[in-house]
Amino acid sequence: MLRNPIPVPRLNDVARPNEEIEALLNEYADLLSITGGDAFKARAYEKAARAIGGYPEDVSRLDDKKLREIPNVGKSIADKVAEFLRTGHLKVLDERRTAIPAGVRELITIPTLGPKKAMQLHRELGIASVDALVKAIEGDELRGLKGFGPKTADNILHGVELMQQAGDRILLSAATDIAEETVAALREATGCDPEHCVYAGSLRRMRETIGDIDLLVASEDPASVMDAFIALPHTAEVIAHGEKKTSVRTVKGLQLDLRVLPPASFGAGLQYFTGSQAHNIRTREIAVRKGLKLSEYGLFHAKSGRRKAAATEEEVYAALGLPWIPPTLREDRGEVAAGLAGELPRLVTEDDLRGDLHTHTDLTDGLSSLEDMVATAAARGYAYYAVTDHAPKLSMQRMTDEKILAQREQLRALAGRYKKMRLLHGTELNIGPDGDVDWPGEFLAGFDLCVASIHSHFTLDRAAQTRRLIRACENPYVAVIGHPTTRQIGRRPPIDADLDAVFAACARTGTALEVNSHPHRLDLNDELILRARHHGAVFAIDSDAHSTTHLAHTRYGVGTAQRGWLTPDEVINTWTWQRLKSFLAKKRKSA
DNA sequence: CCCCGACTGGGGAGCAAGTATGCACTTGC
């Protein structure tokens with residue numbers, strides 16, 4: 001079931017049509033499954049939504065015939081897409097929306113609460129929002145309702161809590177899209193200097209979720225910029241509108257703050273509004289000790305009030321005796337001390353990545369063909385690229401020995417076309433409850449590289465989870481542990497395991513830990529990367545792409561890796577193929 | 001609803017886990 005519990009705000013008329021239609025079709029599928037009837041129909045809409053969301057071409061530019069060439073899009077759905085593109089509405093969806101309150105759809109975003117139970121709650125108790133459900137549980141109103149025992153109530157409350165941890169925050173990827181679109185629009189505004197129009201805040205630091213978006217513009221003409229900002233089509237409500245700061249809430253409820261500064265203060269403002277607050281407190285302490293005062297307008301001599309630095313961040317940091325500190329490090333995790341000591345890490349960047357070691361094709365649950373995935377990878381300039389489709393134990397994917405061996409032949413045949421990129425044939429193995437994987441060693445030896453991940457039995461106890469992960473590390477053919485904690489932001493908690501023991505096992509056995517770049521995963525996250533580093537483990541920043549468009553998700557993985565202080569030397573897919581090859585070979589020797 | 005292989009209709013994944021219930025249903029993968 002494709003759901004998105006975290007509201008993904010979109011600008012009305014600048015959102016990518018593919019994503020807008022994906023959301024619409026998903027909503028329709030949800031409403032179909034709530035009202036019951038043909039389950040396959042709802043599934044068909046979900047599949048089409050996914051296919052359109054991941055489709056590389058802008059669907060608004062496709063005619064009816066081309067629309068129907070998208071896999072899982074037939075006549076009916078193509079007609080609906082065309083209807084939406086033409087009219088901005090979908091009649092059948094509007095009808096369903098009238099019949100089912102939005103809050104009922106919201107209910108099925110609670111983990112463990114599906115369409116059947118949501119509809120039952122609505123039908124029998126008139127519950128039409130998450131809040132109303134929580135109140136009903138707390139008021140013991142579910143007692144006697146068929147299918148809702150005490151455990152179910154507990155699970156619902158726990159699920160709601162999980163959702164609320166993500167709170168009103170949205171995913172890094174969604175916030176990035178909105179911020180980039182808004183910045184692009186503001187750069188066109190009268191009085192805006194395009195060179196000094198950026199986003200700051202937690203988004204610039206690349207936190208995994210974002211509460212609101214801070215925008216920063218240097219201008220001598222603030223009023224014009226503010227007016228242009230308010231006039232953007234996504235604005236639903238103007239919260240504050242002043243000379244220096246304007247805040248709006250978008251149609252999807254996301255807050256955007258715009259601050260306009262004099263050009264001479266831009267660097268100080270950027271430093272200040274990037275944060276984090278804890279980092280700013282550190283830098284201010286240094287300023288105070290030097291007899292200086294740091295604010296969003298600049299670094300000043302405390303006594304004379306004379307400005308010492310303000311135009312660029314580099315200047316401000318330099319005047320404090322610090323090198324420029326990358327925003328992803330500004331969390332008060334020792335970056336100021338490291339900067340003072342001249343020991344800031346040389347962080348891994350997207351340019352450092354020489355390949356992607358975890359990707360899928362339409363042989364399993366991917367949306368793009370092997371040829372398309374490989375061509376897109378080559379266009380990214382990779383030196384090597386691994387195709388790692390799901391292994392048989394994830395039975396929903398229906399993988400067989402024959403299919404994966406046929407894919408290997410196909411890949412080898414393709415290799416001749418790519419002189420600069422080495423194609424690797426791999427698989428994403430399933431780590432069973434005991435730590436076993438799908439195939440025996442002799443079959444695994446045929447792969448160039450194996451990722452191994454947990455896809456089931458998420459609730460084993462701590463000892464069992466730890467044991468299974470360590471056993472997977474000890475498998476000589478497992479090169480990478482994929483999305484090690486299996487958490488999904490706002491959806492699923494991480495498994496309970498003694499991760500320090502697992503990290504130590506990775507370091508000992510020469511197994512890389514994945515930094516999965518999928519915006520819903522970002523797994524390992526920054527804090528766990530920092531912990532794993534201490535054990536001497538190495539990492540792989542992978543896209544886990546299920547579509548050609550997902551290969552670019554590595555930007556979020558790289559941001560997360562930077563927040564974990566990773567250098568290229570610690571990331572195996574920045575290495576040359578020669579070095580990576582010997583890394584893989586060394587572990588296999590233990591077989 | 002889509003796809004496929006047929007030509008008008010059938011199949012689409014199918015199981016594990018958990019809970020409530022008394023052997024069934026829902027959820028999630």
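Throughout, a chain's letter reflects where its sequence line sits, starting with A, and its residues are numbered from 1. The shown structure was predicted, so the numbers you read here are calculated from the model rather than taken from an experiment.
The gap from the P atom of dA13(B) to that of dC2(B) amounts to 16 Å, rounded to the nearest Å. Here the separation of dA20(B) from dG28(B), taken at their P atoms, is 15 Å to the nearest Å. Between the P atoms of dG12(B) and dG5(B), the separation comes to 14 Å (whole Å). Nucleotides dC1(B) and dA6(B) are separated by 24 Å at their P atoms, to the nearest Å. As rounded to the nearest Å, dG18(B) and dC23(B) have P atoms that lie 22 Å from one another. Rounded to the nearest Å, the gap between the P atom of dT26(B) and that of dT21(B) is 12 Å.
Between H518(A) and H358(A), the gap from one ring centroid to the other reaches at least 6.0 Å.
Remark: ring of F40(A) stacked against base of dG12(B); centroid gap under 5.5 Å, plane tilt under 30°.
Spacing between atom CG of L460(A) and atom P of dC29(B) amounts to 15 Å, rounded to whole angstrom units. Rounded to a whole Å, the NE2 atom of H483(A) is 11 Å from the P atom of dC29(B). I52(A) places its CD1 atom 14 Å from the P atom of dC1(B), with the value rounded to the nearest Å. Taking atom CD1 on I156(A) and atom P on dG28(B), their separation rounds to 11 Å, with Å as the unit. For the pair D154(A) CG and dG18(B) P, the interatomic distance rounds to 15 Å; values are reported in whole Å. Following rounding to the nearest Å, N155(A) (CG) and dT19(B) (C1') show an atom-to-atom distance of 9 Å. In this structure, K403(A) atom NZ and dA13(B) atom P are separated by 11 Å, rounded to whole Å. In this structure, CG of D30(A) is placed 14 Å from C1' of dT27(B), rounded to the nearest angstrom.
Considering all non-hydrogen atoms of both residues, D362(A) and L367(A) come closest at CB-C, 4.2 Å. In terms of heavy atoms, N573(A) sits closest to I541(A) at ND2-O, 2.7 Å.
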Distance-only donor-acceptor hits, side chain of residues 113-122 of chain A, under 3.5 Å, sequence neighbours excluded:
| unit_1 | atom_1 | unit_2 | atom_2 | d |
| --- | --- | --- | --- | --- |
| K117(A) | NZ | G147(A) | O | 3.3 |
| Q120(A) | NE2 | K146(A) | O | 2.7 |

Please tabulate, one pair per line, all N/O donor-acceptor pairs under 3.5 Å involving side-chain atoms of residues 123-138 of chain A, not counting sequence neighbours.
| unit_1 | atom_1 | unit_2 | atom_2 | d |
| --- | --- | --- | --- | --- |
| S129(A) | OG | A132(A) | N | 3.0 |

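Within the structure, side-chain hydrogen bond (donor to acceptor under 3.5 Å, both in side chains) pairs that include any residue of residues 435-451 of chain A comprise D401(A)-W439(A), R412(A)-D448(A), N430(A)-D438(A), D436(A)-R471(A) (at least two apart or interchain).
Using a 4.0 Å cut-off, some side-chain N or O of R492(A) falls inside it from OP1 or OP2 of dC29(B). For dA17(B), the OP1/OP2 oxygens have no side-chain nitrogen or oxygen of T459(A) closer than 4.0 Å. Taking side-chain N and O atoms only, H457(A) has no distance below 4.0 Å to OP1 or OP2 of dA16(B).
K587(A) places a side-chain N or O within donor-acceptor distance of the main-chain N or O of V478(A), the cut-off being under 3.5 Å.
Applying the side-chain hydrogen bond (donor to acceptor under 3.5 Å, both in side chains) test to R417(A) and every residue at least two apart in sequence or in another chain returns nothing.
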Output a table of nitrogen or oxygen pairs between the protein and nucleotides 2-9 of chain B separated by less than 3.5 Å.
| unit_1 | atom_1 | unit_2 | atom_2 | d |
| --- | --- | --- | --- | --- |
| dC2(B) | OP1 | G74(A) | N | 2.8 |
| dC2(B) | OP1 | G74(A) | O | 3.4 |
| dC2(B) | OP1 | I77(A) | N | 3.0 |
| dC3(B) | OP1 | N72(A) | N | 2.5 |

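Interatomic distance, OH of Y382(A) versus CG of L353(A), reported as 5.5 Å (0.5 Å rounding).
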The contact string for nucleotides 20-26 of chain B, one letter per nucleotide 5' to 3', using protein heavy atoms under 4.0 Å with B, S and - for base, sugar-phosphate only and none, comes out as SS----S
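Around CZ of R462(A), the count of heavy atoms belonging to other residues, nucleotides or ligands within 6.0 Å exceeds 12.
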